[in-house]
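Inspection log for the structure reproduced underneath, given as C-alpha cells.
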Amino acid sequence: MSKIEFAGVRKVFQGDTPNPVVAIDNIDLTVRQDEFVSIVGPSGCGKSTLLYLLGGFLDLSGGEIRVDGRAVTEPGPDRGIVFQHFALFPWKTVLGNVEYGLAEQGMGKAERREIAQGYIDMVKLGGFEDTFPNRLSGGMQQRVALARTLACDPDILLMDEPFGALDAQTRHILQEELLEIWSRRKKTVLFVTHDVREAVILAERCVVVTARPGRVKTEIDTSSGKADGAAIEKKAEEIWDVLREELVRT
Amino acid sequence: MSAPAKEGRVPRWLVRYASPVAVLAAWELSVRLGLVDPFLLPALSSVLLRAAEEIATGDVLFHAWLTIYRAMAGFLAATALGVTIGVLTARNRYCRWFFEPLVSVGFPMPKIAFMAIFILWFGIGDASKIVMVTLTCIFPIISATYLGCSQVDRYLVWSARNMGTSERRVLWKVVLPASLPQILNGLQIAFPSALIVTVVTEMISSGGGLGGYMILAARFALSEKVFVGVVVIAVVGYALLTVFGHVRRHILAWHAESQMAI
Ligand SMILES: Nc1ncnc2c1ncn2[C@@H]1O[C@H](COP(=O)(O)OP(=O)(O)OP(=O)(O)O)[C@@H](O)[C@H]1O
Ligand SMILES: [Mg+2]
C-alpha cells in the first residue's frame, strides 16, 4: 500500500526577484509503507523543498501530496524531519532539545528523560546533556538534530543530508543505527544525500532528480546486494552515471 | 572574573577604576588648593561626610527609595506593555497597521513634552511621574521586541511545528525565547532613561525623590546637599545597571553574544 504520494507536485518561489524561481516541476512519486527511499540530485534542484512540502511547512503551487491517502495541509509529528541545517533551539540544552517533542506530546518527565538519554547515548553525546548548541561542533549539532527527531518516533522520517557534517567513522556508525531503527520499528524513510554510495547502502530505491526545475529523472532499484562490496560499487556507479548528466547541466 | 595580570600588563581593576578615581582626586585637589569656590563645588570629602550624615538620618535614603520605586514601576509597566505591543505588531497585520505609524512618530519625539499634560491628568503625585517613565521607556522596548519577533529563524518555527507544537503555542515555545536577546537589549537601552526621566520629573513637580531633594537643596543654597544627591544618583544608577547586567547574562547563558562584556 502506498504511504506517500506526490502527484504533479510543483513549487514556485515568488520571492523578491523579478523572476519567480520554479524549484520543483511536476514531481510524481509514490513511496510504499515502510520503504526506504533515497533522493539524489544536483545542488539547488529542490530536494529540500520536496521534503518541506511533504512536511507541510510550505504551500504547494500545484499538484497534491497525500500521506495515507489524505492530503497534507499542515506540519505534524507523524512526519519527523531532520533539517539540513539542524535548526536546534539555541536556548535549550542538548537534553532539552531532544526532550522537546516528547514534552510537547505530554509525556511525563521521568519517561521522556529516559528516552532522550537513550538517543543521546546512541549518537555518542553522553556527557553533553547540559551543553547549549552554540558550544557544539557542526557534527555534534547534527547528531543532536538526529536524536531529537528519532526520539519523537515518527511514522515517516524525512532526512535532509543528515550525515553531511559527520566524519567517516561516525557516519558509518549512525548509518548502521538508522538501518537498525528502520528495520526494527518499520518506518517510511525519505533520505536526501549527496553521496551515491550512501544511497545504495541505505535505501531500497534511489530517486534521481533533474537539475532545477526538479523532476524525477530515474528511479533505480537498490534493494539487493547490500552485503557485497562489488555490487554496491557497481550500483553507485550506475546512479553516478545518471547523476552526472544532470550535474553537467547546472 | 579577573584574569591574573600578566607581567608588563596593566591590571584590569586599574584600567577599570583609574579614570573615575583620577576625576575624583582632581575634584578634591582643586577645592583644597583653592582653585574653585567651595560653595559652587564643595570638596569630595565634605560631600561624602554630608552624605554619611544624610544617610544616618535616613533622609536621602527615603528619597532614593522613592526614585527607585517610580523608575522601576514605570519601567516594569513599559516592559509589560512594550513587549505585548511589540509581539502583536510583529505577529498581526492589523496591529502593525495601527502601531507602526504611532511608534515612528513617537520614538524620536521628546516625550518630556507630555509632562504638563500628565500633571493635568494625573496630578503631581507618583502617577504622573510613573506614566512619564513608561511613555519614555516603551518605545525602545516595542521596537526591539518587534525586530526580534519578526526575525525569528523560520526553521526553528518549523522544528517546533514538526514536533507537535500548535500554531498558537509557537509564540511561547519559539518566538519569545528566540527573540529574548533582542528584547533584553531593548530593556537595557530603555533602563537608564527610566532613571533619568524619574529624576527630571521629580525636579519639575514636587513629591520628593532624589530630583526634588536636589532642587530643594539648591533653592536653600545647600550646595553640599545638591552634590550628595548627584553622588547617590550615580551610585543607584550604577548598582541597578550592574544588577540588570547580571540578570541578563544569567538569562542568556545560551546566547553567544551575551558572553561579551557589556
Ligand atoms: N524561500 C525561497 N525563496 C526563493 N527561492 C528559493 C527559496 N527556497 C529555495 N529556493 C530555490 O529553490 C531551489 C531549490 O532549493 P532547495 O533548497 O530545495 O535545493 P536542494 O536540492 O535542497 O539543494 P542542496 O543540495 O544544495 O541542499 C533553489 O534554486 C533555491 O534557490
Ligand atoms: Mg537542500
Side-chain angles (χ1 to χ4, degrees), chain A residues 48-49 51-58 72-94 96-107 112 116 130-136 141 144-145 147-154 156-160, chain B residues 1 83 86-87 90-91 93 96 144-145 147-188 245-262:
Chain A
S48 297
T49 305
L51 296 194
Y52 299 158
L53 290 168
L54 176 53
F57 309 122
L58 296 173
V72 168
T73 53
E74 61 165 358
D78 59 319
R79 285 152 285 145
I81 186 164
V82 182
F83 287 104
Q84 189 170 3
H85 302 292
F86 326 139
L88 300 174
F89 301 128
W91 58 91
K92 285 188 179 290
T93 60
V94 167
N97 267 284
V98 179
E99 279 187 337
Y100 181 86
L102 303 172
E104 286 297 280
Q105 284 154 36
M107 185 183 286
R112 69 174 191 247
D130 300 324
T131 308
F132 289 104
N134 69 351
R135 294 292 172 84
L136 299 177
Q141 294 183 29
V144 178
R148 180 174 73 165
T149 304
L150 291 176
C152 298
D153 195 18
I156 298 174
L157 265 176
L158 311 176
M159 311 184 88
D160 200 348
Chain B
M1 188 179 67
V83 170
V87 168
R91 307 269 299 169
R93 180 151 46 125
R96 188 151 57 244
T145 307
L147 216 68
C149 290
S150 45
Q151 288 173 342
V152 175
D153 182 358
R154 65 180 181 153
Y155 291 100
L156 295 181
V157 175
W158 290 1
S159 274
R161 296 282 284 127
N162 186 246
M163 290 185 282
T165 305
S166 70
E167 185 102 56
R168 308 191 67 200
R169 265 169 68 80
V170 162
L171 174 63
W172 303 104
K173 302 303 287 187
V174 180
V175 174
L176 279 177
S179 38
L180 202 57
Q182 275 99 325
I183 294 177
L184 288 175
N185 273 345
L187 295 186
Q188 190 156 23
H246 277 293
V247 171
R248 177 171 180 274
R249 239 163 306 169
H250 181 75
I251 296 177
L252 293 187
W254 54 271
H255 192 248
E257 275 169 46
S258 64
Q259 258 106 51
M260 296 189 313
I262 32 176

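The sequence lines fix the lettering, A, B, ..., with proteins before strands; numbering per chain opens at 1. Everything quoted here is computed from the prediction, not taken from an experiment. Computation of the quantities below employed the complete heavy-atom set of this structure, encompassing side-chain atoms and omitting hydrogens, waters and symmetry-equivalent molecules.
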Can you tell me which of [options] forms the most heavy-atom pairs within a distance under 4.5 Å of chain B?
| options | result |
| --- | --- |
| A:Pro154, A:Ala87, A:Ala103, A:Cys152 | A:Ala87 |
| A:Gly56, A:Gly80, A:Pro90 | A:Pro90 |
| A:Pro75, A:Pro133, A:Gly55 | A:Pro75 |

[X] vs [Y] side-chain heavy atoms within contact, under 4.5 Å:
| X | Y | value |
| --- | --- | --- |
| B:Val87 | B:Cys149 | yes |
| B:Arg161 | A:Glu74 | yes |
| A:Glu104 | B:Met163 | no |

Which portion of A:Phe83 sits near chain B, non-hydrogen atoms under 4.5 angstrom: side chain
field: Under 4.5 Å from any heavy atom of chain B - which part of A:Leu102
entry: neither
statement: So, the part of B:Val174 with a heavy atom under 4.5 Å from chain A: the answer is both
message: Check A:Lys92 with A:Glu99, please: is the shortest side-chain N to carboxylate O separation under 4.0 Å?
response: no
- prompt: How many angstroms lie between OG1 in A:Thr149 and CG in B:Asn162, if you round to the nearest 0.5 Å?
  reply: 6.5 Å
